[in-house]
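Report on the following structure.
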Amino acid sequence: MIDPKIIKENQGLVKEMLANRSMDFPLDVLINADKQRRDLIVELQRVKHQKNTLSKEISARKKKNENASTIIHEMGKIGTEIKRLEEESKSNEELFSKHIRSLPNFFHETVPLGKDENDNKITREYNGKQNFLKKPTEGIEKSGILQMKNHIDLANGLGLIDLERAGKISGSRFYFLKNEMVKLSMALSNFAIDYLIKEGYTVVQPPFMIRRDAMEGAVILSDFEETIYKIENEDLYMIGTSEHPLASMHMNEILNGKNLPVRYGGISTCFRKEAGAHGKDMKGLFRVHQFEKVEQFVFCKPEDSWKEHERLLQITEKFYEILEIPFRTIILCSGDLGKVSAKTYDIEGWFPAQNTYREICSCSNCTDYQARSLRIRYRDNPNDETTLVHTLNSTLVAIQRTLVAILENYQTSNGTIIVPEALKKYMGDTDEIGK
RNA sequence: GCGGGGGUCGCCUAGCCUGGUAGGGCGUGGGAUUGCUAAUCCCAUGUUCGCAAGAACUCGUGGGUUCGAAUCCCACUCCCCGCGCCA
């Protein structure tokens, strides 16, 4: 969350930010709740002070063996008053906390202002070698336009997936991977992990389920309903990405500033309801309830976070250059930016069968937004004052989505799939699937 | 899963049985004093609200009992030891 003090001190700034994010937000409700919250604190403190004073008096009298029954009677009344104020305070706190936690992060000055995704700016394009792009255009011809096979037809043709049976036992947006697809998926994971180790990351396999308090710090409230699965009768939630456990990993800790930045490479299965995406990408592996992902997560000092952000992007872009998957990098405009993020780059891979770029990576600087809810601070020396760290995250590779990109970009006119050069050593003898 | 032990204001620790302002040590910061490579003493040392004076909170977390809870009761949680189960 953002610093609650800002509600009292600079409402104009918040108002402006909300407008630039094209967000409808009940700011008045929040401002009132904040005012009420502080009034209640003062009132409650006043009554508690009375209580403490009388309590001391009782103690003093008892020691001297004097009668304290009138004061004890008085205390009873104060007790009810405290109870009443506490209840009022609790419901006010709930209202305040709900709204303050939904308030999005302030964004960086380099974020272009804009209304929605149409105002995002392209910062880079990479076209790969396009060796394989040319071949499939010799492929299937349909109404005079040369068409490529989509990943579902390709994978079905080669016996690499079974979507029907997955639907039978689990419903839509699930899949069985089979044969070389399993190997390819693991090859991609292994390659990604080796790549991050080479870049100096600490690789981590986190818990796939975490408690509510840990999840709440990493995630914005509305995401609970739309994306996060809950385990029935347990205080456990399925992670939507390893970003969640990686962020909360250091919750309530004071990190040693000398160890920063800390760079983690998380690998996990990710679980998402996709409740807000009805009808979108219903077929295939592109948008699914369960997928693997290798994620980068950085804790750093505030003064380093923008440098770290560029570094994350550069490392991620290089990964797709090595895989020779065409992509473009865009910077999200203020209206399209995620609530937690102060600045986000998306990398969009080229999906030739859809004849379009689609998001495959998202690279964000969340500044102190997550760190504040999770209380993650640092200091250089044991008795220094503590400062909130900045957190950043970036997809390195979302395995299933990238498998789709590989299938489509590396397909041949024979319906086979060339294995990307960088993955060959992880694929044993297979250098072309279906040959 | 069962049994036992534990979690105290940065770190260590007393207090819990027997309810009445959370005490000491270490570390750190500031100050004082003394002619010795240093010692000794004093003050401060978390969070929140408040312009401030000040006040409230803080003994793993949340409830309960009580005029009053670190202390008594209940639930949860984490750590340690033993047993059980298990890829």
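Below, read A as the first sequence line, B as the second, and so on, with proteins coming before strands; counting in each chain starts at 1.
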- Task: Apply side chain to side chain donor-acceptor pair (under 3.5 Å) to the pair Tyr378(A) and His250(A), showing each step before the final yes or no.
- Result: CA-CA 11 Å; Tyr378(A) 81 94; His250(A) 290 295; over 6 Å; no

- Item | Gap between atoms CD1 and P, on Ile41(A) and U47(B) respectively (whole Å) | 16 Å

- Say you pick atom P in G63(B) and the same atom in A53(B); how far apart are they, in whole Å? 32 Å

- Task: Classify the angle between the aromatic ring planes of His309(A) and Trp306(A) as parallel (below 30°), tilted (30 to 60°) or perpendicular (above 60°).
- Result: perpendicular

- Which word best sums up how the rings of Phe174(A) and His289(A) line up, parallel for under 30°, tilted for 30 to 60°, or perpendicular for over 60°? tilted

- Intra- and inter-strand pairing of RNA chain B, written as dot-bracket with Watson-Crick and G-U pairs under 3.5 Å and | for the latter, reads ((((((((.[[[[.)....(..]]]]((((((.......))))))((((....))))..[[[[[..)....]]]]])))))))....

- Evaluate the side chain to side chain donor-acceptor pair (under 3.5 Å) criterion for residues Tyr237(A) and Arg212(A): first the C-alpha distance (whole Å), next the side-chain angles of each, then the deciding distance (0.1 Å), finally the verdict. CA-CA 7 Å; Tyr237(A) 296 80; Arg212(A) 181 161 192 121; 2.9 Å; yes

- Given C49(B), G20(B), A55(B), the nucleotide with the shortest approach to the side chain of Val42(A): C49(B)

- Is it true that the NZ or CZ of Arg21(A) lies under 6.0 Å from the centre of Phe107(A)'s six-membered ring and within 45 degrees of the ring axis? no

- Item | Among C49(B), G50(B), C57(B), the one nearest Asn52(A) by side-chain distance | C57(B)

- Can you tell me, in whole Å, how much space there is between the P of U13(B) and that of U21(B)? 24 Å

- Message: Go nucleotide by nucleotide along RNA chain B from the 5' end; which of Gly79(A) and Ile254(A) gets its closest nucleotide reached first?
- Response: Ile254(A)

- Provide, to the nearest angstrom, the distance between the CG atom belonging to Asn252(A) and the P atom belonging to U61(B). 11 Å

- Task: Please state the C1' separation for the pair C42(B) and C51(B) - nearest whole angstrom.
- Result: 31 Å

- Message: Parallel, tilted or perpendicular: which one describes the rings of Phe191(A) and Phe319(A), with boundaries at 30° and 60°?
- Response: parallel

- Message: If I pick the C1' atom on C74(B) and the same atom on C41(B), what distance separates them, to the nearest angstrom?
- Response: 49 Å

- Nearest-angstrom distance from the residue atom CD1 of Ile210(A) to C1' of U77(B): 16 Å

- Message: For Gln50(A) and Met75(A), find the nucleotide of RNA chain B closest to each by heavy atoms; which residue's nucleotide sits nearer the 5' end?
- Response: Gln50(A)

- Query: Which whole number of Å gives the distance between the C1' atom of G23(B) and that of G29(B)?
  - Reply: 22 Å

- Determine, for Phe96(A) and Arg37(A), whether the Lys NZ or Arg CZ falls below 6.0 Å from the six-membered ring centre while staying within 45 degrees of the axis. yes

- Query: Can a side chain N or O of His49(A) be found less than 4.0 Å away from OP1 or OP2 on A56(B)?
  - Reply: yes

- Message: Please determine whether salt bridge (charged side-chain N to carboxylate O under 4.0 Å, His left out) holds for the pair Glu86(A) and Lys48(A), giving the CA-CA distance in whole Å, both sets of side-chain angles, and the decisive distance to 0.1 Å.
- Response: CA-CA 11 Å; Glu86(A) 271 176 349; Lys48(A) 280 189 176 174; 3.6 Å; yes

- Item | Interatomic distance at C1', U66(B) relative to C81(B), whole Å | 36 Å

- Query: For the pair made of CG in Asp34(A) and P in G50(B), what is the distance, rounded to whole Å?
  - Reply: 8 Å

- How close or far is atom P of U47(B) from atom CZ of Arg37(A), stated in whole angstroms? 16 Å

- Query: If you look at every strand shown and take non-hydrogen atoms under 4.0 Å, does Lys77(A) touch a base, only sugar-phosphate, or nothing?
  - Reply: nothing

- Please determine if a side-chain N or O atom of Lys8(A) lies less than 4.0 Å away from the OP1 or OP2 oxygen of G50(B). yes

- Task: Take atom CE of Met251(A) and atom P of U77(B), then tell me their distance rounded to the nearest Å.
- Result: 15 Å

- Message: What contact category does Asp235(A) fall into here, base, sugar-phosphate, or nothing, at under 4.0 angstrom with non-hydrogen atoms?
- Response: nothing

- Message: Distance check, C1' atoms only: G19(B) and C73(B), in whole angstrom units.
- Response: 13 Å

- Message: If you only use heavy atoms from C-beta on, which nucleotide in C57(B), G20(B), G10(B) is closest to the side chain of Lys48(A)?
- Response: C57(B)

- Message: Rounded to whole Å, how long is the line connecting atom NZ of Lys51(A) with atom P of U21(B)?
- Response: 14 Å

- Query: Heavy atoms under 4.0 Å, any strand shown: does Arg211(A) hit a base, just sugar-phosphate, or nothing?
  - Reply: sugar-phosphate

- Which of these nucleotides, G50(B), C57(B), U21(B), is closest to any side-chain atom of Arg38(A)? G50(B)

- Note on the structure: Rounded to whole Å, CG of Asp39(A) lies from C1' of A56(B) at a distance of 16 Å

- Message: Measuring only the C1' atom in each nucleotide, how far is G4(B) from U58(B)? A whole number of Å is fine.
- Response: 30 Å

- Short question: side chain of Glu117(A), backbone of Asp336(A) - any donor-acceptor pair under 3.5 Å? no

